[in-house]
A.B. asks: 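Submitted below is the structure of interest, expressed as structure tokens.
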Amino acid sequence: MAVRACGLIIYRRLQPAAPSKVADSIEYLLLQTSYGTHHWTPPKGHVDPGEDDLQTALRETREDAGLQATQLTLVDGYKKELHYPVNGKPKTVLAEMKVYNTEIKLSKEHQAFQWLKLEDACKFAEYEDMQAMLKDAHQFLCSRK
């Protein structure tokens with residue numbers, strides 16, 4: 001049986017930007033695992049019994065990065081699923097930081113974090129499906145008015 005996981009793609013805006021500059025004003029939060037290959041990923045984790053997808057995503061974000069739900073604004077209209085052959089089907093939604101410079105507090109499962117523009121975030125996220133999801137999220141954000 002596949003294990004289900006959920007998480008949030010967390011982003012922040014560097015400054016209020018003109019519509020033509022929106023793409024350059026967005027940075028994504030990636031965390032580096034302290035285990036395995038030390039890969040970079042948004043906060044995510046397995047669904048616990050009795051949790052729904054959003055509860056899991058918010059709990060994992062709190063545990064992995066020290067961010068509370070009150071510090072985030074969930075973005076309506078965006079939801080994506082990634083399919084991993086080993087780990088099941090993680091579901092990810094978008095969330096924007098309410099305060100640009102909110103402190104990140106890593107769990108023991110992570111050893112570093114970076115705020116990255118799309119191009120660098122895709123370089124750090126080695127897996128093609130994660131890169132595609134970041135690009136898709138970016139396109140979604142840039143198309144919003």
A.B. asks: If you apply the rule side chain to side chain contact (heavy atoms under 4.5 Å, CB included), what do you find for Trp115 with Ile10, and how did you get there?
C.D. replies: CA-CA 9 Å; Trp115 285 103; Ile10 299 173; 3.9 Å; yes
A.B. asks: Is it true that a side-chain atom of Glu27 and a backbone atom of Leu14 form a donor plus acceptor pair closer than 3.5 Å?
C.D. replies: no
A.B. asks: Treating Thr33 as the side-chain partner and His39 as the backbone partner, does any N or O pair qualify as donor plus acceptor under 3.5 Å?
C.D. replies: yes
A.B. asks: What is the distance from atom CG of Asp64 to atom CZ of Arg59, rounded to the nearest 0.5 Å?
C.D. replies: 9.0 Å
A.B. asks: Going through the checks in order, is the side chain to side chain contact (heavy atoms under 4.5 Å, CB included) test met by Ile104 and Leu67?
C.D. replies: CA-CA 7 Å; Ile104 304 299; Leu67 297 173; 3.9 Å; yes
A.B. asks: So, for Ala125 and Gln131, which heavy atoms are closest and what is the spacing to 0.1 Å?
C.D. replies: O-NE2, 2.8 Å
A.B. asks: Can you tell me if Gln111 uses its side chain to pair, donor with acceptor, with the backbone of Gln32 under 3.5 Å?
C.D. replies: no
A.B. asks: Decide yes or no for Leu31 and Pro42: does some side-chain heavy atom of the first lie under 4.5 Å from some side-chain heavy atom of the second?
C.D. replies: no
A.B. asks: Step through the shown structure and confirm whether more than 12 heavy atoms of other residues, nucleotides or ligands are within 6.0 Å of CD on Gln55.
C.D. replies: yes
A.B. asks: Do Val99 and Gln71 have side chains that get closer than 4.5 Å, going by heavy atoms?
C.D. replies: no
A.B. asks: Using modelled atom types and a 3.5 Å cut-off, is there a donor and acceptor pairing between side-chain atoms of Arg12 and backbone atoms of Tyr100?
C.D. replies: yes
A.B. asks: So, taking the atom named OH in Tyr28 and the one named CG in Leu94, what distance separates them when rounded to the nearest 0.5 Å?
C.D. replies: 7.0 Å
A.B. asks: Any donor-acceptor pair under 3.5 Å linking the side chain of Thr73 with the backbone of Lys98?
C.D. replies: no
A.B. asks: Classify the ring geometry between Phe124 and Trp40 as parallel (under 30°), tilted (30 to 60°) or perpendicular (over 60°).
C.D. replies: perpendicular
A.B. asks: Return the CD1 to SG distance between Ile26 and Cys142, rounded to the nearest 0.5 Å.
C.D. replies: 4.5 Å
A.B. asks: Output yes when Lys44 and Glu60 qualify as a salt bridge under the 4.0 Å nitrogen-oxygen rule, no when they do not.
C.D. replies: no
A.B. asks: Say whether Ile9 and Met130 are linked into one hydrophobic cluster, either directly or through other cluster members, by side-chain heavy-atom distances under 4.5 angstrom.
C.D. replies: yes
A.B. asks: Crowded around Asp52 CG? As in, over 12 foreign heavy atoms under 6.0 Å?
C.D. replies: yes
A.B. asks: I'd like to know if Leu30 and Phe140 are part of one continuous hydrophobic network [Ile/Leu/Val/Met/Phe/Trp/Tyr, side-chain heavy atoms within less than 4.5 Å].
C.D. replies: no
A.B. asks: Just so I know, are the side chains of Arg62 and Pro43 near enough to count as touching, which here means a heavy-atom distance under 4.5 Å?
C.D. replies: no
A.B. asks: How long is the straight-line distance from NZ of Lys123 back to NZ of Lys117, given to the nearest 0.5 Å?
C.D. replies: 13.0 Å
A.B. asks: Just checking, is any N or O donor in the side chain of Thr56 or Glu51 under 3.5 Å from an acceptor N or O on the other one?
C.D. replies: yes
A.B. asks: Between atom CG of Leu8 and atom CG of Leu29, what is the distance when rounded to the nearest 0.5 Å?
C.D. replies: 10.0 Å
A.B. asks: Would you check if Arg144 and Tyr78 make a side-chain contact, meaning some heavy-atom pair closer than 4.5 Å?
C.D. replies: no
A.B. asks: Establish whether Leu116 and Met133 are linked, either directly or via other cluster members, by ILVMFWY side-chain heavy-atom contacts under 4.5 Å.
C.D. replies: no
A.B. asks: With rounding to the nearest 0.5 Å, note down the distance linking CZ in Arg13 to CG in Leu141.
C.D. replies: 6.0 Å
A.B. asks: Is it the case that His138 and Tyr11 place a side-chain donor and acceptor less than 3.5 Å from each other?
C.D. replies: no
